2 protein chains.
Amino acid sequence: MELAAAKLKFIEAWGKLGSEWGINRTMAQVHALLLISPEALTTEDIMESLSISRGNANMTLRDLIGWGLIEKQHKAGERKEYFFADKDVWNISRQVAKERKKRELEPVLKILGELSAVEGDEKDPNYTTFKKSITDINKLAVNVDKTFEAMLKAEESWFWGSVLKVFK
Amino acid sequence: MELAAAKLKFIEAWGKLGSEWGINRTMAQVHALLLISPEALTTEDIMESLSISRGNANMTLRDLIGWGLIEKQHKAGERKEYFFADKDVWNISRQVAKERKKRELEPVLKILGELSAVEGDEKDPNYTTFKKSITDINKLAVNVDKTFEAMLKAEESWFWGSVLKVFK
DNA sequence: ATAAACTTTCAATAATTTTTGAAAACATAA
DNA sequence: TTATGTTTTCAAAAATTATTGAAAGTTTAT
């Protein structure tokens with residue numbers, strides 16, 4: 001396969017994976033493009049490469065900055081802004097974990113905490129079933145949260161070394 | 001909070017979380033409803049509880065069965081079908097991991113494998129940057145795959161015991 | 001065989017999400 | 001200041017995804 005074709009294939013696959021996991025397809029594609037780009041790119045470069053509008057490119061780039069996945073670069077003597085992706089896959093994973101933890105996991109943990117406190121009649125199966133499911137899900141969510149927390153602190157080699165030790 | 005209100009809140013929260021992670025909101029809500037229901041429910045029960053149409057209920061229930069999260073029950077002397085959710089949160093996690101691994105991770109691993117094999121000019125930064133990103137992402141994906149694999153085999157207590165040991 | 005109870009299908013519709021593109025805002029240079 | 005290059009905004013349009021509901025299909029009972 002040619003490099004050009006391979007790049008397109010990667011951008012497509014990354015976009016599809018993103019959309020399957022609740023990340024806007026275009027956002028994932030722009031990220032993919034910047035990931036395999038040795039140079040920082042301008043908005044125009046991105047618009048052209050992915051055939052998207054200026055408005056879309058601008059909003060997507062802003063979102064990616066919000067996720068901590070890319071950053072703006074200014075080149076001396078130039079007025080245009082350039083965008084550059086962190087290429088460290090471990091940093092990327094941590095950044096995504098950090099944002100999803102904050103945006104999605106924490107609100108759910110809060111609600112589960114409230115729901116765990118609901119009182120009821122221990123003789124009512126409606127209550128006991130509810131209570132047990134909520135308690136169990138809460139435990140799982142806390143474990144997932146701890147795992148994310150550990151990822152945020154960990155060095156890659158340490159993290160995978162330890163996790164993979166589990167599977168021996 | 002009343003139990004009835006708590007149930008609604010849980011169904012709503014579970015639906016929201018699902019939709020943020022690429023799972024149809026209604027599917028997550030039906031699952032939530034069955035999770036906190038001590039009895040198996042009929043399609044009509046579900047239609048009424050969640051105010052959804054018969055067609056939607058039917059398709060959603062079929063999907064949930066496809067994900068291995070609920071099953072049909074037949075009651076002696078009755079013609080209606082009843083639906084019942086596995087309440088074991090660890091089983092649920094494994095089931096979701098299993099399906100997403102199969103449906104999403106494996107296709108990506110396949111593509112990454114192909115892309116890893118692309119040859120090019122080691123002096124061309126376009127090639128070396130592409131190569132490095134793909135290789136790194138491939139490694140990460142393989143690790144995630146292994147983690148899922150381990151989950152599928154593991155007993156809950158063993159799994160979390162081992163994983164949490166990592167965070168001491 | 002017919003009817004009744006129940007389930008499945010799927011074209012049409014509705015709801016939601018994403019994208020566009022042109023205008024407005026902003027920044028820099030002349 | 002004015003012109004020029006660049007970025008941002010956001011209402012409207014397009015695309016995608018989810019839902020409806022009625023007809024067709026299936027199963028069981030009589």
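Every chain is numbered from 1, with letters handed out A, B, ... down the list of sequences. These numbers come from a predicted model, not from an experiment.
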Derivation and outcome, salt bridge (charged side-chain N to carboxylate O under 4.0 Å, His left out), residues K131(A) and E122(A): CA-CA 9 Å; K131(A) 182 87 179 184; E122(A) 298 289 345; over 6 Å; no
Positions of residues 44-57 of chain B (non-hydrogen atom under 4.0 Å from DNA chain D), listed by number: S51(B), I52(B), S53(B), G55(B), N56(B)
Side-chain N or O of N24(B) closer than 4.0 Å to phosphate OP1/OP2 of dT19(D): yes
side-chain N/O T26(A) vs dT18(C) OP1/OP2, d < 4.0 Å: no
d(CG, N58(B); C1', dC6(C)) in whole Å: 11 Å
I137(A) reachable from F84(B) in the ILVMFWY side-chain graph, under 4.5 Å edges: no
Linked, directly or transitively: W90(A) and I92(A) (ILVMFWY side chains, under 4.5 Å): yes
Distance-only donor-acceptor test, R25(B) side-chain atoms vs dA18(D) base atoms, 3.5 Å: no
Presence of T43(B) side-chain N/O under 4.0 Å of dC6(C) phosphate oxygens OP1/OP2: no
Side chain to side chain contact (heavy atoms under 4.5 Å, CB included) between M47(A) and S53(A), intermediate numbers included: CA-CA 6 Å; M47(A) 288 164 57; S53(A) 71; over 6 Å; no
Spacing of M59(B) atom CE relative to dC10(C) atom P, expressed in whole Å: 8 Å
Integer-rounded Å distance: dT8(C) C1' and F83(B) CZ: 11 Å
Residue pair E71(A), I65(A): steps toward the side chain to side chain contact (heavy atoms under 4.5 Å, CB included) verdict: CA-CA 6 Å; E71(A) 45 191 65; I65(A) 290 171; 5.7 Å; no
Close N/O contacts between protein and nucleotides 14-16 of chain C (under 3.5 Å):
none

Whether D45(B) side chain and T42(B) backbone form a donor-acceptor pair below 3.5 Å: yes
Residue that, paired with F83(B), satisfies side-chain contact (heavy atoms from CB on, under 4.5 Å) out of L41(B), L64(B), L34(B): L34(B)
